[in-house]
Every structure is written in structure tokens, then in C-alpha cells.
Amino acid sequence: MSAVLEVSGLEVFYGASQILFGIDLKIEQGQTMALLGRNGAGKSTTMKAIAGVVAPRAGRIAFGGKQMAGMKPYAVARLGLAYVPEDRQVFPEHTVRDNLLIAAKKGPQGQDEWTVSRIWQVLPLLERLRDRPAGRLSGGEQQALVIGRALMGNPTMLLLDEPSEGLAPIVVSSIGDLLRALRAQGATVLIAEQNMHFCLGVASDAVVIDKGKIVYRDNIAGLRENAEVRSQYLAM
Ligand SMILES: Nc1ncnc2c1ncn2[C@@H]1O[C@H](COP(=O)(O)OP(=O)(O)OP(=O)(O)O)[C@@H](O)[C@H]1O
Ligand SMILES: [Mg+2]
């Protein structure tokens, strides 16, 4: 297996306060990696640094072997790394279908596997909402839409920041179904989550972040059995 994304020694500051203290992460082709940690641990900051939204003070970020620390978000996206932030922004006046079509583009190697009809297959809850303005969707439906929109760009890898946060159990379960389907198709995904139970059902591997440092890494079965790490670093 080859590393799709390799982060090493990542340090991020907001003003004078240091938030990340040398994060190392390696994600292989086909892995669904959970980045778990409590509130304020540094999950979103890690995702933002990878996506180019915040500039790291130090460290390396290699994607497909190409150095990209300090690149702008559009340049990172063009390399095939799709970032879905926490805030679930849709084009509110446009229909669900148009929100997907606006995002359609070929992947970095010309991939065009994703079509609107394939999105309906993997996110069936969206199909019956196809003609609804996206601004009138529930939070969960918007979450499904922003993930669908990311897929329409045929990315090589997905970064999802707290996809299950604040959602009704039924929507969490359809997003879980989608992530399992993507994993079965060989997708490479990094998911930041506080919700360990959600990750136990969808991820292949896990890292735990606490106070801006990685404190644990293993496959998902290892985390499931490690009650000590779960109680020390994760909300139960
Ligand atoms: N723009 C900012 N300016 C200053 N400090 C910030 C900023 N954004 C985040 N922080 C701080 O950085 C730390 C890490 O925040 P981050 O959002 O990465 O945590 P998180 O693990 O994603 O938490 P959550 O689970 O609540 O989303 C927190 O202490 C937070 O208060
Ligand atoms: Mg966060």
C-alpha cells in the first residue's frame, strides 16, 4: 500500500497560541481513517491545515507524493483532495440537483465516475429532494448534500469534518451507509469526529488527538478493545 496523504511535524498557531504540536499522520490508499478527539482537541485545525484553509507554521503535508503545505484551498482541491468543512454550506437558492451539478468536474487524472444518478444510488435520501432549494433542507440533508457535492468532483481523497454532528439518527445511519459503500469501493477518507460509535462502524483505522498531539493510533478493532484510551481521551 502506498501513502495517499502523509503529514509530518505539523504545527499550527492562531496568533500567539499554538494549537497543533507536531502532528504525524499517514493515510494509505483505501483506508477510512478516523481522527478522533474531544472538543477543542485540534481535529478541525488539522483538517483545515491539510485543506489549505490555515497555513501551518511548520511541517510537511504530502499528497500523492506532492508537497502541499502552504498551498491555497483551490490548489489543494485541484490535486484531488476534497474537503467538507463543519459548516455545511450549500447554495440555498439552488435545487439539490443543481447544487450537485455545479460541482461536477473531472478528477485530477480525468476520472469521471460520479454522476447525479450515482449520487442518488449512494445517498437515496437526496433523490426525493432533488427539486427542493437546498436552503430548505434539514441539517442532515444538507450534510448529505455537501458530501454528494464533494464526490461530484471525483476526488482522490475525502476529508470530512464531523459529518455526524448534531444529526438525527436516521441521517447518521445513511451517512454511515454511504461511508461503508465508499470504503468497499476502495475510497480513501479522513473523518474528524467526536462520535466514536459512528467511527467504530465506518472506519478501518483510527488516530486520537488530544491537546494538539496524536496520542494513539491503531486499526479500528484495536480502538474498540482499548477501553483505557477510550475513557481517557474520548467522550463516551
Ligand atoms: N480561529 C481561531 N482563533 C483562535 N483559536 C482558535 C481558532 N479556531 C480554533 N481555535 C482553538 O483551537 C483549538 C482547537 O480547535 P479545533 O476547532 O481544531 O478543535 P476540534 O477538535 O475540531 O473541536 P470540536 O470537536 O469542538 O470541533 C481550540 O482550543 C479552539 O478554541
Ligand atoms: Mg471541529
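Every number for a ligand or one of its atoms is a count from 1 in the order of the listing. Predicted, not measured: the structure shown is a model, and the values here were computed from it.
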I want to check something: taking the side chain as every heavy atom from C-beta on, are [X] and [Y] in contact at a cut-off of under 4.5 Å?
| X | Y | result |
| --- | --- | --- |
| C199 | E193 | yes |
| D24 | V7 | no |
| L158 | T188 | no |
| M157 | L5 | yes |
| V172 | I175 | no |
| L178 | I147 | yes |
| M152 | I119 | yes |

Which atoms of ligand 1 sit under 4.0 Å from any heavy atom of [X]?
| X | answer |
| --- | --- |
| T45 | 14 (C), 15 (O), 16 (P), 18 (O) |
| Q194 | 24 (P), 25 (O), 26 (O) |
| I19 | 11 (C), 12 (O), 13 (C), 14 (C) |
| E86 | 27 (O) |
| E162 | 24 (P), 25 (O), 27 (O) |
| R38 | 21 (O) |

From the list E162, Q143, E141, E165, side-chain hydrogen bond (donor to acceptor under 3.5 Å, both in side chains) with R88 holds only for Q143
Any protein heavy atom < 4.0 Å from atom 17 (O) of ligand 1 = yes
Under 4.0 Å from atom 28 (C) of ligand 1, is there any protein heavy atom?
-> yes
Donor-acceptor contact present, side-chain K43 to main-chain R38, <3.5 Å = yes
Name the closest protein heavy atom to [atom], giving the residue it belongs to and the distance to 0.1 Å.
| atom | value |
| --- | --- |
| atom 26 (O) of ligand 1 | N39 OD1, 2.9 Å |
| atom 4 (C) of ligand 1 | Y14 CB, 3.4 Å |
| atom 23 (O) of ligand 1 | G40 N, 2.8 Å |

Would you say G37 has any N or O atom under 3.5 Å from an N or O of ligand 1, going by distance alone?
-> no
Closest to the Mg ion (ligand 2), among the N/O/S atoms of E86, is atom OE2
N, O or S from S44 under 2.8 Å to the Mg ion (ligand 2) = yes
